[in-house]
Protein chains: 2
Amino acid sequence: MRKENSTNTINKQQMDKDCGMSYTLNTIGGRWKPAILYRLIGGKMRYSELRDSIPNVTERMLVLQLREMEKDGLINRIVYAEVPPRVEYELTEKGNSLKPILKSLSEWGVKNRD
Amino acid sequence: MRKENSTNTINKQQMDKDCGMSYTLNTIGGRWKPAILYRLIGGKMRYSELRDSIPNVTERMLVLQLREMEKDGLINRIVYAEVPPRVEYELTEKGNSLKPILKSLSEWGVKNRD
DNA sequence: CTGCATCCGCATCGATACTG
DNA sequence: CAGTATCGATGCGGATGCAG
């Protein structure tokens, strides 16, 4: 790896934008996160509804990505004390603020793929 | 993996949006692609300028990601027949159309990280 | 100056089986 | 119903050295 040049003119604002993009992509960039988030835009959903509406996702990956997004404050996990158990997921306000981004990601992809 | 239910009511439009998002994220989601694209928004840059303006990137990764984006039609590679060699990179029109997306990714990240 | 080739560690993800 | 545990494959990306 190259040595860092401590006296160079690397644009600090540029690095700040880099970090911002990295943070966003790390937050929503997981293999199944976009699909999950897009569905939750429509409102609260049960675990099984999510699982059944996302083709090819395994339960392992679904749970892992849900947990991460919960930790990142994007979604709320609501457990009902019932038998049989019921768990619902919903977007937080932070999660909801991603809506325009998800929409533009989707639109650009639909328009530009072959 | 769960069996695909061929008679279920998986929303085809939802899947289309999924694919759109996947395409976009696969296209710009590489480890260094956002940083490269953001810099090229400012105009043509030489290989060494890119390398020196992106902290911690290795030449291997820089070249790999440039090649992928060239293949995806996001950037043009311009080789000048000179000694010593000179190579410049610039956004294509397709690449330029990502500008608002990159901007919103950066802004959301800056605003929402702790 | 602008790369490419090779090796390899590490995280990610899939498959499968099991549980409160 | 809503998960968890374990194992193994795969692939990204880093380090290093070489080349046109």
Side-chain angles (χ1 to χ4, degrees), chain A residues 1-5 8 18 21-23 25-37 39-40 44-72 75-90, chain B residues 1-5 8 18 21-23 25-37 39-40 44-72 75-90:
Chain A
M1 184 174 304
R2 284 171 303 106
K3 264 275 209 41
E4 203 64 33
N5 180 353
N8 66 13
D18 287 351
M21 287 190 290
S22 296
Y23 176 80
L25 289 170
N26 286 337
T27 301
I28 70 169
R31 174 73 181 80
W32 303 101
K33 287 179 186 177
I36 297 170
L37 290 170
R39 280 158 182 79
L40 291 181
K44 249 185 297 227
M45 287 182 74
R46 299 186 58 162
Y47 171 81
S48 53
E49 290 179 318
L50 281 171
R51 187 194 57 203
D52 296 341
S53 74
I54 302 177
N56 301 323
V57 74
T58 60
E59 298 194 329
R60 168 190 153 79
M61 287 317 298
L62 181 57
V63 171
L64 283 178
Q65 307 250 309
L66 284 169
R67 292 289 177 277
E68 270 187 55
M69 291 195 292
E70 189 190 1
K71 188 163 136 275
D72 288 337
I75 61 175
N76 285 138
R77 179 168 177 269
I78 309 164
V79 183
Y80 296 87
E82 301 177 359
V83 177
R86 181 159 63 102
V87 178
E88 292 186 334
Y89 295 91
E90 67 179 4
Chain B
M1 185 173 305
R2 283 172 303 106
K3 265 280 210 38
E4 205 62 35
N5 180 353
N8 65 11
D18 287 351
M21 287 189 292
S22 297
Y23 175 79
L25 289 170
N26 286 336
T27 301
I28 70 169
R31 175 73 181 79
W32 303 99
K33 287 179 185 177
I36 297 169
L37 290 170
R39 279 158 182 79
L40 291 181
K44 249 186 296 228
M45 286 183 75
R46 296 186 59 162
Y47 171 80
S48 52
E49 289 179 321
L50 283 171
R51 187 195 57 204
D52 296 341
S53 75
I54 303 178
N56 300 324
V57 73
T58 60
E59 299 194 329
R60 167 191 152 81
M61 288 316 300
L62 181 57
V63 170
L64 283 178
Q65 307 250 308
L66 285 169
R67 291 292 174 277
E68 270 186 54
M69 293 195 290
E70 189 188 0
K71 189 163 135 272
D72 288 337
I75 62 176
N76 286 136
R77 180 167 178 268
I78 308 165
V79 184
Y80 296 87
E82 299 176 0
V83 177
R86 180 159 63 102
V87 178
E88 292 187 336
Y89 295 90
E90 66 178 5

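Letters A, B, ... mirror the listed sequences (proteins, then strands); counts begin at 1.
Close to dC12(D), at under 4.0 Å from its OP1 or OP2, lies no side-chain N or O of Gln65(B). For the OP1/OP2 pair of dG14(D) and a distance below 4.0 Å, the side-chain nitrogens and oxygens of Trp32(B) include at least one atom meeting the criterion.
Axis angle between the ends of the helix from dC1(C)-dG20(D) to dG20(C)-dC1(D), five pairs each and rounded to 10 degrees, works out to 50°.
Residue Leu62(A) contributes atom CG, which lies 15 Å from atom P of dA15(C) at whole-angstrom precision. The distance from atom CD of Glu70(A) to atom C1' of dA2(D) is 14 Å, rounded to the nearest whole Å. Atom CG of Asp52(A) is separated from atom P of dC1(D) by 9 Å (rounded to the nearest Å). Spacing between atom CD1 of Ile54(B) and atom P of dG14(D) amounts to 12 Å, rounded to whole angstrom units. The distance from atom CZ of Arg31(B) to atom C1' of dT12(C) is 16 Å, rounded to the nearest whole Å. Spacing between atom CD of Glu82(B) and atom C1' of dG20(D) amounts to 16 Å, rounded to whole angstrom units. Whole-Å rounding puts the Met61(B) CE to dT16(D) P distance at 16 Å. Computed from coordinates, the Asn56(A) CG to dC13(C) C1' distance equals 13 Å when rounded to whole Å.
Inter-residue side-chain proximity for Met69(A) and Tyr89(A) is flagged as unmet; no heavy-atom pair is nearer than 4.5 Å. Looking at heavy atoms from C-beta onward, Val63(A) lies in side-chain contact with Tyr47(A) at the 4.5 angstrom threshold.
Every residue meeting the side-chain contact (heavy atoms from CB on, under 4.5 Å) condition with Glu70(A), not counting sequence neighbours, appears here in chain and number order: Arg67(A), Ile75(A), Arg77(A). Among residues two or more places apart in sequence or in another chain, the salt bridge (Lys or Arg N to Asp or Glu O under 4.0 Å) test is passed with Asp18(B) by Arg39(A). Partners of Glu88(A) by side chain to side chain donor-acceptor pair (under 3.5 Å), not counting sequence neighbours, listed by chain and number: Tyr80(A), Arg86(A). Contacts of Glu49(A) classified as salt bridge (Lys or Arg N to Asp or Glu O under 4.0 Å), with partners at least two apart in sequence or in another chain: none. Annotation: salt bridge (Lys or Arg N to Asp or Glu O under 4.0 Å) contacts of Arg46(B) (sequence neighbours excluded): none. When the side-chain contact (heavy atoms from CB on, under 4.5 Å) test is applied to Val83(B), no partner is found at least two apart in sequence or on another chain. With sequence neighbours excluded, the residues forming a side-chain contact (heavy atoms from CB on, under 4.5 Å) with Glu90(A) are Lys44(A), Asn76(A), Ile78(A), listed by chain and number.
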Revision key, fill the gap. Nucleotide by nucleotide, nucleotides 2-9 of chain C touches protein heavy atoms under 4.0 Å in the pattern (B base, S sugar-phosphate only, - none) BBS-B---
